[in-house]
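One structure is given here, and the rest of the page talks about it.
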Amino acid sequence: MPIDVNLSQKLKQYFGFDKFKGDQEAIITNVLEGNDTFVLMPTGGGKSLCYQLPSLIMEGTAIVISPLIALMKNQVDVINGISEEEGVAHYLNSSLNKAAIDQVKNDILNGKTKLLYVAPESLNKDDNVEFLRQVKISFYAIDEAHCISEWGHDFRPEYRNIRPTIQRIGVAPVIALTATATDKVRTDIKKNLGIIDAKEFNSSFNRPNLYYEVRPKTNDINKQIIKFIKQNEGKSGIVYCLSRKKVEELAADLCANDIKAAAYHAGLESAKRSDTQDDFLMEKIDIIVATIAFGMGIDKPDVRFVIHYDIPKSLEGYYQETGRAGRDGGEGKCIAFYSYKDLQKLEKFMEGKPVAEQDIGRQLLQETAAYAESSVCRRKMLLHYFGEEYKKDNCGNCDNCLHPKTKREGKDQLLILLHAIAAVKENFRAEYIIDFVKGRPTEDILSHKHEQLEEFGSGEDEEEKLWNPVIRQAMIAGFIKKDVENYGLLKLTAAGKRFMKEPTSFMVVEDTEFKDDYDDDGAEGTAVLDPELYAMLKDLRKKMSKRLSVPPYVIFQDPSLEQMATMYPINLQELQNIQGVGAGKAKRYGPEFCELIKKHCEENDIERPEELRVKTVAKKSILKVKIIQSIDRKIDLDEVAKAQGLDFEDLLTEIENIVYSGTKLNIDYYIDEMMDEDHVDDIYDYFCDSETDDLEEAMNELGEDYTEEDIRLIRIKFISEMAN
């Protein structure tokens with residue numbers, strides 16, 4: 001084994017670099033000495049060089065097991081590009097035809113190929129195993145090794161078969177490499193690969209240039225993202241969404257607002273994905289909107305921001321995805337939007353999976369929620385999750401450190417917590433401990449007879465919201481830890497036991513409370529900024545309704561007035577950005593409202609919000625046009641519902657939305673066919689005299705002789721005739 005080579009010289013010869021980064025030289029030396037090696041190195045740290053250089057120096061062929069076909073091709077091109085001869089690097093996967101496979105095998109047998117990239121599925125195929133048994137293997141490199149562990153963020157069952165396959169082909173040293181792994185995942189990888197005694201090289205996870213921020217997910221999330229991108233014009237960015245549908249919708253909205261963006265997900269043809277990736281690298285587009293599970297082998301050094309539209313399923317996944325930002329050491333902003341509803345949705349997706357898988361999934365989600373909700377330094381929390389201690393209290397480059405919350409004394413609460421963990425023999429998870437200290441006699445607690453313990457209910461007088469931050473911050477401070485083997489069980493550390501004997505001050509920061517005002521249907525939530533203006537607008541509506549002899553709601557509904565008192569529209573164009581105000585309605589009733597708002601702003605020196613006029617690609621606009629056309633052609637409404645794949649009730653909702661925003665529709669042809677004339681007059685008269693268009697109130701007033709459907713139909717007729 002050529003251990004006495006001059007590695008710096010070889011580095012310069014093959015790759016043109018003058019010096020190694022971090023632990024690279026020590027790792028390569030360990031591989032050259034024929035030892036099993038475990039490498040934990042964050043994205044952009046130079047992992048691939050750790051197996052590429054030794055493969056070029058050593059005798060035989062190195063097998064590199066990698067899950068990403070796109071990345072394999074990219075790396076093979078790089079190695080062949082620096083070599084004087086053809087065929088020094090190859091890949092073997094499902095994308096090759098028979099002739100290409102034969103060429104690869106010939107080059108390997110002729111001793112030309114030093115590096116062979118394979119997907120785990122290809123490695124496990126019997127004919128490939130038989131072929132590789134004839135080959136001298138220098139070592140096996142397992143890239144993205146976290147895929148081996150069910151606790152890793154991208155678990156792939158076929159990775160579990162790598163060790164048995166190595167045994168079949170022929171044993172050689174193993175180097176496992178990953179960019180993200182917790183203690184639990186590290187142990188799992190080494191056990192599964194049979195390299196328990198491997199020498200570990202762990203690089204720091206700290207990326208000081210990355211700024212971390214978590215924002216509450218609200219209904220104007222698209223607007224926030226567009227505004228952010230416009231403020232960072234010309235910079236490269238990635239936006240991650242959980243669903244393909246959301247990826248396509250958001251990419252369309254960005255394009256509609258003159259942002260050069262494209263969608264990227266597994267449902268697109270591979271040629272389309274490849275073109276998008278090239279366009280991003282060549283800066284023909286600035287933004288890629290992608291699903292979390294995208295196989296992008298993007299090595300773009302100047303990605304300036306990574307936005308998470310949805311909170312990720314695990315902190316490991318989050319770390320790896322944010323790791324695509326600022327690889328060149330320059331600015332990198334990482335912004336995640338968080339809503340508790342998203343967590344519930346992700347938990348729901350787990351239903352139907354094996355119980356053990358659900359349990360792992362839930363615990364990983366809890367870690368993500370802890371990161372999002374905590375008011376502690378985000379860098380400190382992330383690094384702690386990966387088993388690294390961050391000494392500073394304030395990193396100066398995350399939202400929690402730039403806007404710190406007040407700390408409060410938590411010595412007594414920590415003591416209660418530590419005594420509770422000791423009382424239940426360090427054998428339970430956080431949720432159980434919280435139930436125990438709060439004195440909740442859950443089924444689980446009763447089955448263990450823990451309600452009989454003296455410590456049961458010892459923290460019942462404390463606020464519920466304090467316990468999670470106490471647990472998390474006690475963990476970061478090193479008083480408790482989570483068991484690696486039986487993940488999630490809270491264990492006392494030596495420091496924790498000392499604290500129980502000699503308690504000292506322990507300051508705690510409460511979690512951020514996230515109010516859930518995000519509605520995935522995109523219904524705008526409004527908060528009146530200007531109650532005085534709102535009262536004046538209601539007053540104007542009342543006067544106008546008397547003058548025109550129409551009920552107030554016919555002119556504008558309350559949510560529209562609320563938005564006017566928030567957005568201050570002062571011309572008809574701006575008024576049409578208000579929910580429920582179409583062009584017809586703006587023209588008919590708008591001038592007086594705009595005049596009032598303008599006057600109010602001038603008299604009170606109000607600076608109107610420089611609101612970004614966000615254009616959205618209306619998903620419902622095609623449906624709306626089809627419904628209007630069908631009604632114009634007097635097609636039976638039941639037929640319209642059937643043709644559009646809607647329940648009749650949903651069709652009525654769509655028609656209501658159309659007439660409420662100012663479009664006139666004539667459904668008399670349907671009403672005349674379906675309803676008694678007297679019924680029609682009674683309901684119509686009711687709406688003429690009523691102060692409200694509330695459906696429940698109308699049903700109570702009109703009585704049991706009238707169905708909800710009848711009332712809705714006549715309300716549509718009334719609004720259309722009176723308001724539009």
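Under the 3.5 Å distance criterion, with hydrogens and angles disregarded, no donor-acceptor pair is assigned to the side chains of His265 and Thr291. Using modelled atom types and a 3.5 Å distance limit, the side chains of Thr182 and Glu367 yield no donor-acceptor pair. Residues Ser375 and Asn400 bring no donor and acceptor atom of their side chains to less than 3.5 Å of each other. At a cut-off of 3.5 Å, with distance as the only test, a side-chain donor of Ser149 or Asp188 sits close to an acceptor on the other residue. In this model, a donor atom of one side chain and an acceptor atom of the other lie less than 3.5 Å apart for Tyr211 and Glu213. Looking only at atom types and distance, the side chain of Glu316 has no donor-acceptor partner in the side chain of His146 under 3.5 Å away. No hydrogens or angles considered: nothing links the side chains of Tyr159 and Glu144 as a donor-acceptor pair under 3.5 Å. A side-chain donor from one of Tyr432 and His450 sits under 3.5 Å from a side-chain acceptor of the other.
Legend: salt bridge (Lys or Arg N to Asp or Glu O under 4.0 Å) pairs involving residues 441-459, not counting sequence neighbours: none detected. Within the structure, ring-ring contact (aromatic ring centres under 6.0 Å, His included) pairs that include any residue of residues 464-483 comprise Phe479-Phe499, Phe479-Phe506 (at least two apart or interchain).
Between Tyr309 and Lys246 the shortest side-chain heavy-atom distance falls below 4.5 Å. Side-chain contact check for Ser458 versus Glu460: every heavy-atom pair is 4.5 Å or farther apart. When side chains are defined from C-beta on, Ile307 counts as touching Phe228, because their heavy atoms get closer than 4.5 Å. Using a 4.5 Å heavy-atom cutoff, the side chains of Arg156 and Pro120 are not in contact.
Between Val247 and Ala263 the shortest heavy-atom distance is CG1-CB, 3.6 Å. Nearest heavy-atom pair, Arg207 versus Ala325, reported as atom, atom and distance to 0.1 Å: NH2-O, 2.8 Å. The minimum heavy-atom distance linking Thr442 with Asp435 is given by the pair CG2-OD2, 3.7 Å. Heavy-atom minimum distance, Phe337 versus Pro216: CD2-O, 3.9 Å.
If you run side-chain hydrogen bond (donor to acceptor under 3.5 Å, both in side chains) between Asp511 and each of Lys405, Lys465, Arg472, only Arg472 comes through.
Annotation: the span from Thr180 atom OG1 to Gln320 atom CD amounts to 5.5 Å, rounded to 0.5 Å. Here CG of Leu364 is found 10.5 Å from NZ of Lys184. Values are rounded to the nearest 0.5 Å.
The main-chain N or O of Asn35 is found under 3.5 Å from a side-chain atom of Thr37 such that the two form a donor-acceptor pair.
The aromatic ring centres of Tyr318 and Tyr371 sit less than 6.0 Å apart. The ring of Phe38 has its center no closer than 6.0 angstrom to the ring center of Phe201.
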- Walk me through it: do Leu489 and Asn427 pass the test side chain to side chain contact (heavy atoms under 4.5 Å, CB included)? CA-CA 6 Å; Leu489 304 190; Asn427 217 10; 3.6 Å; yes
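Among residues two or more places apart in sequence or in another chain, the side chain to side chain donor-acceptor pair (under 3.5 Å) test is passed with Glu708 by none.
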